[in-house]
Structures are given as structure tokens and as C-alpha cells.
Participant: 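Below are the C-alpha cells for one structure; questions will follow.
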Number of protein chains: 2
Amino acid sequence: MATLKEVAKKAGVSITTVSRVINGSSKVNGETRERVQKAMIQLDYQPNRVAQRLRASSGQSKLLGLIIPDIQNQFYSNIVRGIEDVTYGHDYAVILCNSDENPNKERFYLEVLKSESVDGIILPPIHQFGEEIESIIELGIPIVCVDRKLMRKKVDTVVIGNEKGGYDAVSHLIEQGHKKIAILTSSLQFSSFDERQKGYERALKENGIEIDKRLIKEGDPRSSETARELTDELLSLDSPPSAIFATNNLMTLGVLESVNKHGMQIPDDISIVGFDDLPWAKAISPPLTTIKQPAYEMGQKAAELFFQRVENPSREPEVVIMEPKLIVRESTAKLVNAQVKDTE
Amino acid sequence: MATLKEVAKKAGVSITTVSRVINGSSKVNGETRERVQKAMIQLDYQPNRVAQRLRASSGQSKLLGLIIPDIQNQFYSNIVRGIEDVTYGHDYAVILCNSDENPNKERFYLEVLKSESVDGIILPPIHQFGEEIESIIELGIPIVCVDRKLMRKKVDTVVIGNEKGGYDAVSHLIEQGHKKIAILTSSLQFSSFDERQKGYERALKENGIEIDKRLIKEGDPRSSETARELTDELLSLDSPPSAIFATNNLMTLGVLESVNKHGMQIPDDISIVGFDDLPWAKAISPPLTTIKQPAYEMGQKAAELFFQRVENPSREPEVVIMEPKLIVRESTAKLVNAQVKDTE
DNA sequence: TGAATATTTGAAAACGTTTTCATAAAAACA
DNA sequence: TGTTTTTATGAAAACGTTTTCAAATATTCA
């Protein structure tokens, strides 16, 4: 691959001049410029981004780091795609890291990204008080939190109104006559799940429904397995719930699997509200009622916040709260009388 | 962030010695070593990967490039995860690029990756004759093709037996008495889809079933929309198919959506075989019969081939063909007589 | 015309490593 | 003891850029 030096030699100028032609950083004589440009084309010159990065001051390295729990979780792959579509237009490359919600992996990758001189890092923080992340902020590397918040430090953040999402989901069920409503939430402590559960509780309270601890189940949000098992438990309760609210896409799958295995009909036997509106949600039978998170847009917004900070490093951190949206499809229905008798 | 220079100063040695301690590249006095290590710890020294990369010869840059059509397609996110889990153990970072099957984007990202001095690139090639990719191979940068093949150049490659996948899917339907079997395949020309269709045709031929062009539909494999529309067309045919074979996960969703919209029962009214066994396939009702691609393992294998090539740059390119697997669930069933009469 | 200014260019330093080459000191050998 | 070998270390070059500083030439002004 051609270097500045080779171009300079071919054009009979110094590398300084070539650099100037490339970056337009100061005037060069028209004739010289043409000569250089011709040489660049002839040699198919492309600047070496590694050398540029080494030389560059912060914010100029054209590299962005992403640490997500798991790219196999479609919620995150949607976020990643939103980010990438924005960075694409800025000539940035993106380094992708999967943390599995594992603090050691997160720590490892934060070190790698620092060492790669990234211009910034976008991530859903694992800990609400992330020391490592705080130390990175101190270093002046822009951080954008997405999906979850950081408590102690003010940082650019994109989240959805999780409390409202939970509230809307459960209110919808209550409107349809449901009283025994179960929730599947995360056993790992994250602000997002905590708030969804708060919304669940508020909806119940506001409607005078007592909270029944047996209907609150905590499982691993990284896969559908525990959700399936917990749903098995829920369905074998003496008085099982007439509706289940699953707080992320994988747990929703676990619920569906268990319900189907039990030969129950949705929504006749049980109503389901999921979280995350993924492509399969509207394709299945019955189509799933769900809380839609604008994951792709969250990614876009996070990337935009990052670029705004590169532009203006001293601006106040911004917290963007996006709207969750209840999409009513056919997995929820009015509680029929027979069942009401049954369960009351 | 601390540099070699600072560590050297603190330890009262030259940067050469510090470098030697880090890399163990040659003997240093035990006492000196300890002094250096202490300084490294005190300063929390981490080597700068950018500088290392600039200095490194090829194959030492610890950076791998990935160009995939779309990370939102879960088949690819599974591949990416498989790759990443292997690179993680090798201290590699991964740059992720989405091409949308757009040759210009692919070209753009290939340039970026070259310019980033990646040690290698893993991708499903868009063109069977990819000039740009060939020129990268000439440069000596290892390429691993995954999911699709490259025709003119021998390259490390991981694919599945697509023809067999198509054949198995359709044979299964034929065994159940289906004769009017539709296929939804890709309008974009890729080796994978071409072969799946070949398998479809061979299964029909071997069973003496004539190929009906009206039952072969080509749609955009990047989303479910055209598949939905094409299924609408299929279902409104004078004598509609009794079974549909969808050749990737997104097209499968389109088929399901259309079928459900028409109020048809699966498998009573129509049988469906999908491609790709994603988490939702077994959770939906009825659970989906599908051809499973070991996407995660394909990614792992591709990454392993890459590392083997780094290890031994001159070894013969290897083509690994993995097995697709028919997973029979409940979206396919014996064709009942009534229908047989109807359609014959 | 001479001085001041603007234009155009290049040499060299810097970014943080690894590696080559040289050399001083220590150890081994005769 | 003098010579050779081994051990331990550092100076400097290199990777490919960008940027600072200086200088040479051309242009403008009085």
C-alpha cells in the first residue's frame, strides 16, 4: 500500500506538501496540487488510519468503541445498527465487544478500547456505579450510556421511559379485566428492569390491586430458559395468573414456550404482553401485544450524542428519554367470565 | 495514560529495557525486571495498541475486520458472536461493518479495514467474483469467507451444505404427501440461495414431481416484506401450494405473517418449513419445522481458520462445509385427504 | 527601488511502540 | 593475566502520519 512518502517522491515534493493537499490544511500552489493529486491516484493512495490515529489528538481517531451485553440479543443488535448507520456517515470505524453482563469482560474491553485510542465508548453500563467507567470519563474519553443509566456521574445517556412502559403494559391488562397479573423481571439488577417493575407495581396500586409476591418472578434476562421455567411455576400455582408481563424479548420467548407446552391458548386461556417489538412479534400467531422500544433510534441518538460531544467537548451531558409504545395485537384479550369465576 | 517512556523514567532504565520486560523478548537482569514491573504497576501501564499496530508487521496487529450484510439479521449476529468468542481469547479486537449487500458499502469498508491494518477480514462475499477482495488477498491480508463462497480464488471458507438443506426440507414435505410445494428464495444472486433452490428442485425431480415455475418466488432476503407479499400471491393462486419452504429466517417471518393474516391454520391448512433455527422458532405456536444452520459454530470455525492462517500463512486454503439439520417440529404435517383431493 | 508582506515549500519533531546494532561490564576460558 | 564469550543495557531507526518552525521566493506597497 502506498504511503505519503511514495506519493511525495512520485510528485517530486515533500511529504508535508502531500499531507497539505490531502487535508487542505493550508494553501498549496494549484499546479503542485494537481501533480500531487495525480500521483495519489496513480498509486491508489489511501491514508493509513493507524498512523493518523497515533498522531491524532483526542477526538480525531475516527474510532468508536461499543460494549454490549450480547449481540445475539436482537434488542442490542438493533441498537448497534442504529449506531453504525450514524458512524458510517462520519467515516468512523466501530469496535464491537460483548460483555455478557460480566464485569470482568466489561473491564477487559474498557482497557482494550482505551488502548485502541477510541474517540468514545457507547455502552449499557453493568453497574450503576461503574468505577472503571468513571475513570475513563476522568480521562476525557466521551462515554454515552444507552439503555441503562449511570448514577454517580452525569453522562450523555439514552434510555426509554421504562417505568411508563411497565405501567402501560400492566394498565392495558387491567383494563381488560385482569387482576392476577404476573411479571417476569431480571434477577440481575439493572435500572431498566427495576423501573419496569416499578411501573407494574404502580399500575396495580392505582387500580387497588394488591401486589402478590408469588406473581413476581426474577429470571436471567440473557436467555429464555429461566423465564420458561418460571412460567412453568406460575402456571402450576393454585390460582395461576390470567396474564403475564415479560420484561424483555428473551423472557417473552420463554413465556411463550412454556404456555404453548402447557397447551394453553393465547389469549383465551392467558394473556401475554412482551417487551421489545421484534420482527417475529407480529408474524406469530396470535400476533404479540408488546411494549416497543425504539432500539434502532436509541442507537442513532446515542451516536449523535457522541458526535455532538466530539464537536463540543464541554457541553452539558444530556439525558434523552425516548418513549416506549404499547402495541396492542392479539395476545391480550378481555378476561372472560368463566375464568373470572375460576380464579376469584 | 502512561507510556513506555514514563515507565522507563520511573524505573531508571531505557524504554528498550521496558519493552523487553513486557515482551520477554530477551533476557533482562532479575533485579532490573522487578524494578520495571513495579513501575508498570504503579503507573498502571497498558501498552498502546495503536502504536504497536503501526510498528507491527502483518499478522501482529491484533485487529480483525468483519463485514456482514446486516447485524440485525440474527443469522449474522450469531456468526459474529461465534467469531468474537474466539477472538476474545486471542486478545484481538473486532471491527464491525454492515454492508446491506451493497457492493459500494462493501468496497468502502474493505478500504477502511485495509487502512486500519487489520490482520484479516471475515465476510460473506457479495459477489462470487469479488475483484476488491481478490486484490486484498494479493496484498497478503487473510480473508475468510463465511456463509458464501468465492469462485475464482481459493480462500478459507466456511459454508453449510445448502443444497442438502434445501433437499432435506423439501424431501420432508414430500414424505408427508405434499406435492404442491412453493419455495421463497432470494432475488439477489448468492451461492447459498442458489444451492438451496437446487436442493428443492432435486427433491422434486427425484420424486417425479414436475417443477412449477409459479411456485418459485424470488424476494428480498434482507427483510420479511417481499416474502409476505409473495406469499399473498401464492395463497391466492387458483391451486395454491399445500406447503411453503422459506429459504431464510426473514422470509420465513414474511410467510408466517401472510399465512396468519389469511386466517389459515398451520399445519392443518398449510405446512411451513423455515431456514435458520432462531430462538423464536421453538417458542411460537405451532413450533416451526426448520433447517438449522449452526451459525454460531460457523463463526467460531471462521475465526479459527483465520488464526490458523496467521499461524501459518502459507497453508493451503481450507473449505469447511458444515451440516444443516432438519428440525421437525409442528409446522409441517401429513397432507390430509380432503386437501389432496382438492389439489389433485 | 527597497522594504514589507504574502505565498509556497520543506526539514524535523512528535505520536508510542519494537527491533537492530553497538557497547560496556561480567564471566569463562586458556 | 590476557583473550574470548556471555550477559545486560541503551541509542537510534523505523512504522506513516500531522504539525511546527523556518526559509525561500513572489508579490505588494510606499
Side-chain angles (χ1 to χ4, degrees), chain A residues 1-37 39-40 43-63 91 111-112 114-119 139, chain B residues 1-37 39-40 43-63 91 111-112 114-119 139:
Chain A
M1 280 179 291
T3 68
L4 267 194
K5 210 166 161 185
E6 298 172 60
V7 174
K9 191 171 169 192
K10 180 145 215 152
V13 296
S14 73
I15 61 169
T16 315
T17 302
V18 180
S19 176
R20 278 196 266 255
V21 170
I22 293 166
N23 300 302
S25 49
S26 76
K27 303 276 167 203
V28 309
N29 181 289
E31 205 182 311
T32 321
R33 159 176 291 110
E34 276 172 30
R35 205 145 33 88
V36 170
Q37 282 167 336
M40 280 175 26
L43 294 173
D44 187 28
Y45 172 78
Q46 295 290 133
N48 180 317
R49 293 171 68 105
V50 181
Q52 288 182 319
R53 185 166 306 133
L54 181 60
R55 188 56 172 66
S57 47
S58 71
Q60 311 267 92
S61 89
K62 304 267 184 179
L63 190 58
D91 202 33
E111 286 299 330
V112 170
K114 256 189 350 193
S115 163
E116 289 284 1
S117 305
V118 294
D119 280 341
L139 269 167
Chain B
M1 282 181 291
T3 67
L4 267 194
K5 211 166 161 184
E6 299 172 60
V7 174
K9 192 172 168 191
K10 179 142 215 152
V13 296
S14 72
I15 60 169
T16 315
T17 301
V18 180
S19 175
R20 277 195 267 253
V21 170
I22 293 167
N23 300 303
S25 49
S26 78
K27 304 276 168 205
V28 307
N29 181 288
E31 206 182 312
T32 322
R33 161 177 288 111
E34 275 172 32
R35 205 145 31 89
V36 170
Q37 281 169 336
M40 279 175 23
L43 295 173
D44 188 27
Y45 172 77
Q46 295 290 132
N48 180 316
R49 293 171 68 105
V50 181
Q52 289 182 318
R53 185 167 306 133
L54 181 60
R55 188 54 172 67
S57 47
S58 71
Q60 310 268 94
S61 89
K62 304 264 185 182
L63 190 59
D91 203 32
E111 287 298 330
V112 170
K114 256 189 350 193
S115 163
E116 290 283 2
S117 305
V118 294
D119 280 340
L139 269 168

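Numbered from 1 within each chain, the chains take letters A, B, ... in sequence-line order. These figures come from a predicted structure and were not determined experimentally.
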Participant: Closest heavy-atom contact between A:V50 and B:L54?
Facilitator: CG1-N, 3.7 Å
Participant: Under 3.5 Å, sequence neighbours excluded: what are the donor-acceptor pairs made by side chains of residues 18-25 of chain A?
Facilitator:
residue	atom	partner	partner atom	Å
A:S19	OG	A:N23	ND2	3.3
A:N23	ND2	A:S19	O	3.0

Participant: Mind checking whether B:M1 and B:N48 have side chains closer than 4.5 Å, heavy atoms only?
Facilitator: no
Participant: Check the distance between C:dA27's C1' and B:N29's CG and give it to me in whole angstrom.
Facilitator: 14 Å
Participant: Taking atom OG1 of A:T17 and atom CG of A:L4, what is their separation to the nearest 0.5 Å?
Facilitator: 10.5 Å
Participant: Any idea which heavy atoms bring A:D119 and A:G59 closest together, and the distance?
Facilitator: OD1-N, 3.1 Å
Participant: Find the distance between CE (B:M40) and CZ (B:R35) and round it off to the nearest 0.5 Å.
Facilitator: 14.0 Å
Participant: Walking along DNA chain D from 5' to 3', note the first and the last nucleotide with an atom under 4.0 Å from a heavy atom of chain B, and give both.
Facilitator: D:dA8 to D:dG16
Participant: Applying a 4.0 Å non-hydrogen cut-off, can you work out what A:Q46 is touching in the nucleic acid: base, sugar-phosphate, or nothing?
Facilitator: sugar-phosphate
Participant: Taking all non-hydrogen atoms of both residues, which atom of A:A11 and which atom of A:A39 are closest, and how far apart?
Facilitator: CB-CB, 4.0 Å
Participant: Is a salt bridge present between B:E111 and B:K114, judged by a nitrogen-to-oxygen distance below 4.0 Å?
Facilitator: yes
Participant: Starting from the first five and the last five pairs of the helix from C:dT1-D:dA30 to C:dA30-D:dT1, work out the angle between the resulting helix axes, to 10 degrees.
Facilitator: 50°
Participant: I need the minimum non-hydrogen distance between A:A8 and A:S14, along with the two atoms involved.
Facilitator: CB-C, 3.7 Å
Participant: Can you name the closest pair of heavy atoms from B:I15 and B:K5 and give their distance?
Facilitator: CG2-CA, 3.6 Å
Participant: Sort and list the pairs that fulfil salt bridge (Lys or Arg N to Asp or Glu O under 4.0 Å) and have at least one residue in residues 52-63 of chain B, not counting sequence neighbours.
Facilitator: A:E116-B:R53
Participant: Using a strict heavy-atom distance below 4.0 Å, which residues from residues 14-26 of chain B are in contact with DNA chain D?
Facilitator: B:S14, B:T16, B:T17, B:R20
Participant: Below 4.0 angstrom from OP1 or OP2 of C:dT9, is there any side-chain N or O of A:T32?
Facilitator: yes
Participant: Can you check whether A:D91 reaches A:R49 side chain to side chain, under 4.5 Å on heavy atoms?
Facilitator: yes
Participant: Closer than 3.5 angstrom, by distance alone: can the side chain of B:E6 be matched with the main-chain N or O of B:T3 as a donor-acceptor pair?
Facilitator: yes
Participant: Please give me every residue in residues 48-60 of chain B whose heavy atoms get under 4.0 Å of an atom in DNA chain D, ordered by residue number.
Facilitator: B:L54, B:R55
